[in-house]
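What you see is a predicted model, and the numbers here were worked out from it, not measured in a lab.
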Amino acid sequence: MVSLALVVDGRRRVAVGHNPSTRETYRATLGGGAFRDGTVTTAGAPRSATTGR
């Protein structure tokens, strides 16, 4: 995963992440929502790195 974020006054304003192995691109803006490959997405509960749940 390659990630990039713009931080202004200590707050993340824009973030972009790209996973080359799955060819998925994620982007989010403060107050503007989150998108995966241009489709609106929502944040879910964090997943465990060991169980995947």
Side-chain angles (χ1 to χ4, degrees):
M1 174 72 79
V2 177
S3 301
L4 179 68
L6 173 65
V7 178
V8 178
D9 295 327
R11 295 188 70 184
R12 283 174 288 206
R13 303 295 175 143
V14 178
V16 177
H18 179 72
N19 185 342
S21 63
T22 62
R23 297 184 179 172
E24 292 175 312
T25 300
Y26 298 86
R27 66 181 170 89
T29 59
L30 183 64
F35 300 83
R36 181 182 68 197
D37 294 329
T39 301
V40 175
T41 187
T42 59
R47 291 187 176 185
S48 165
T50 56
T51 65
R53 296 189 229 159

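Residues Met1 and Gly17 share a closest heavy-atom pair of SD-C, 3.8 Å. Scanning all heavy atoms of the two residues, the minimum distance from Arg36 to Glu24 falls at CD-OE2, 3.6 Å.
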Could you pull out every donor-acceptor pair under 3.5 Å between side chains of residues 8-16 and any protein atom, sequence neighbours left out?
none

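Between the side chains of Asn19 and Ser21, a donor-acceptor pair is found at a separation under 3.5 Å.
Separation of atoms CG (Asp37) and OG1 (Thr22) is listed at 8.0 Å; rounding is to 0.5 Å. Between Tyr26 atom OH and His18 atom NE2 the span is 10.5 Å, to the nearest 0.5 Å.
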